[in-house]
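One structure is given below, encoded as structure tokens.
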Protein chains: 2
Amino acid sequence: MDMDKPLSELTRNRLLHAGGEVFAERGFRTATVREICRRAKVNIASVNYHFSSKEELYASVLEYAYQQASSAFPNDPGATGEDTPERRLHNFIRNFLSRLLYEGRPAWYGMLMAREIVEPTGALDRIIERAIRPLHESLAGIVRDIVGEQTSGAKITRCVLSILGQCLFYRHARPVIARLHPSIHYEDKDIERTAAHIAEFTLAALRHLSKQGRKR
Amino acid sequence: MDMDKPLSELTRNRLLHAGGEVFAERGFRTATVREICRRAKVNIASVNYHFSSKEELYASVLEYAYQQASSAFPNDPGATGEDTPERRLHNFIRNFLSRLLYEGRPAWYGMLMAREIVEPTGALDRIIERAIRPLHESLAGIVRDIVGEQTSGAKITRCVLSILGQCLFYRHARPVIARLHPSIHYEDKDIERTAAHIAEFTLAALRHLSKQGRKR
DNA sequence: TTGACATTAAAACGTGTGTTTAATACGATA
DNA sequence: TATCGTATTAAACACACGTTTTAATGTCAA
């Protein structure tokens with residue numbers, strides 16, 4: 001989408017796109033309507049005309065980003081019935097990381113979700129039901145397939161949180177990681193490397209739990 | 001410290017304490033000087049008189065909280081030479097979690113640090129050198145003792161990030177976890193339970209890596 | 001008691017924010 | 001072309017923020 005051609009674009013769409021960028025970069029609170037309008041090259045009153053309020057714009061951006069993300073990054077791309085649970089776990093992790101760390105339009109939702117987790121707004125409940133809970137359940141299914149049915153639900157929950165925590169840390173602590181470990185990058189093959197580590201670390205833990213479960 | 005006895009307290013200390021609370025709850029940007037002064041029951045100009053600016057107050061709060069935290073939660077309490085690396089890891093995790101999740105004065109630093117990680121301010125570099133890097137190195141030492149000297153530094157770094165990510169997730173995603181898993185609480189024995197899980201999960205992964213290392 | 005300095009307080013300042021208002025422009029239709 | 005509904009815009013509003021200013025008050029030593 002070319003921002004230099006105002007005559008060919010609808011104002012509303014431009015606000016959605018600029019809003020996606022700015023909210024993803026800054027989060028809801030720090031993002032300003034003026035910055036969004038500046039990027040969209042529209043008058044500041046347009047936000048209230050088209051969206052009523054900054055909050056409604058944010059809600060609409062979330063909806064739009066969700067639609068975009070659903071097709072670009074499905075939750076469980078490996079669920080073809082042919083992959084092993086181990087492979088599905090690895091795919092899940094790589095997929096989730098890509099959403100969080102990739103910097104382009106389809107990544108808005110991942111970034112918006114990561115921000116919402118640590119800086120909750122009124123939209124948190126909707127994001128939980130729309131994205132986080134399904135994510136959690138999908139991952140829980142994979143974990144259960146690996147550790148077996150004898151492992152308690154509470155234990156599986158803990159494992160899911162451990163996996164999500166590892167992944168999200170690379171998003172949330174990015175400035176810190178950049179300072180402590182400049183060799184860790186965020187291009188495609190680095191995301192692959194990160195996913196491989198998390199998958200290996202996690203699989204080892206899950207196999208241990210699987211054996212633990214079988215001892216009872 | 002009793003906020004209802006203004007005559008017995010110095011204004012500066014009251015601002016430090018109220019600032020500690022508000023910055024920990026809200027983060028630097030969202031915290032307001034007016035809220036801090038309201039809690040401290042002092043006039044708003046006092047911040048500029050005693051601390052020059054909101055930023056200087058923040059920096060002083062960090063310093064004060066750091067002093068408090070250093071005695072209450074030493075980094076490696078198990079380093080008496082008698083504990084096994086496995087036990088030291090468990091102690092480290094429990095200790096770190098306590099800092100992050102316990103809600104009382106000594107926890108300010110952990111909470112401030114957790115916030116700074118996801119919402120960096122000008123104080124980030126200082127916090128990295130003061131707290132995060134030492135934390136990282138301490139943990140890296142423990143990890144190395146478990147996996148052995150043949151494991152690469154890069155791999156150890158990844159493991160450290162995996163451990164920190166698991167712990168910090170409970171802090172950063174607290175509102176989400178509260179909604180998805182209301183049975184996960186944050187009292188002392190719950191922190192213990194969380195630490196036990198993370199330690200078990202992590203030890204299993206590290207033992208796997210230890211064996212991997214020995215195969216080469 | 002006086003004077004110097006420190007501290008506190010109220011009011012105001014300067015700037016930024018999201019929102020509102022009224023005027024104008026635009027596009028479609030009769 | 002005129003009319004009407006919609007969209008856009010500039011200016012203003014109301015409020016919040018961190019900071020400054022100024023005057024009053026408190027404290028302490030001589």
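In this text the structure is predicted, and so the values were computed from the model without any measurement. Naming: A, B, ... by sequence-line order, numbering from 1 per chain.
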**Item:** A:Arg158 and its side-chain contact (heavy atoms from CB on, under 4.5 Å) partner, picked from B:Arg193, B:Gln166, B:Glu200
**Value:** B:Arg193
**Prompt:** Are B:Glu35 and B:Arg38 within salt-bridge range, i.e. N to O under 4.0 Å?
**Reply:** yes
**Request:** Taking only Lys NZ, Arg NE, NH1 and NH2, and the carboxylate oxygens of Asp or Glu, determine whether B:Arg39 and B:Glu21 approach each other closer than 4.0 Å.
**Result:** yes
**Request:** Pick out which of A:Arg87, A:Arg94, A:Arg88 makes a side chain to side chain donor-acceptor pair (under 3.5 Å) with A:Asn91.
**Result:** A:Arg94
Grab the [atom1]-[atom2] distance between [X] and [N] for me, whole Å please.
| X | N | atom1 | atom2 | answer |
| --- | --- | --- | --- | --- |
| A:Tyr49 | C:dC26 | OH | C1' | 11 Å |
| A:Phe23 | C:dG18 | CZ | P | 9 Å |
| B:Arg12 | C:dT7 | CZ | P | 11 Å |
| A:Ile36 | C:dT17 | CD1 | P | 11 Å |
| A:Ile44 | C:dG16 | CD1 | P | 13 Å |

**Asked** Is NZ or CZ of A:Arg130 both nearer than 6.0 Å to the six-membered ring centre of A:Tyr66 and within 45° of the ring axis?
**Response** yes
Using a 3.5 Å cut-off and no angle test, enumerate the donor-acceptor pairs between side-chain atoms of residues 181-188 of chain A and protein atoms at least two apart in sequence or in another chain.
from, atom 1, to, atom 2, distance (Å)
A:His181, NE2, B:His136, NE2, 2.8
A:Tyr186, OH, A:Tyr170, O, 2.9

**Request:** Please list, by residue number, the residues of residues 51-62 of chain A whose heavy atoms come closer than 4.0 Å to an atom of DNA chain C; answer none if no residue qualifies.
**Result:** A:Ser53, A:Lys54
**Prompt:** Is the number of heavy atoms from other residues, nucleotides or ligands under 6.0 Å of A:Glu129 CD greater than 12?
**Reply:** yes
**Asked** OP1 or OP2 of C:dA10 less than 4.0 angstrom from a side-chain nitrogen or oxygen of B:Asn43, does that happen here?
**Response** yes
**Item:** Contact interval (first through last nucleotide) of DNA chain D with protein chain A, 4.0 Å heavy-atom
**Value:** D:dT6 to D:dA10
**Request:** Before giving the answer on side chain to side chain contact (heavy atoms under 4.5 Å, CB included), spell out for A:Arg115 and A:Arg171 the whole-Å C-alpha distance, their side-chain angles and the decisive distance to 0.1 Å.
**Result:** CA-CA 9 Å; A:Arg115 280 201 175 274; A:Arg171 165 79 267 166; over 6 Å; no
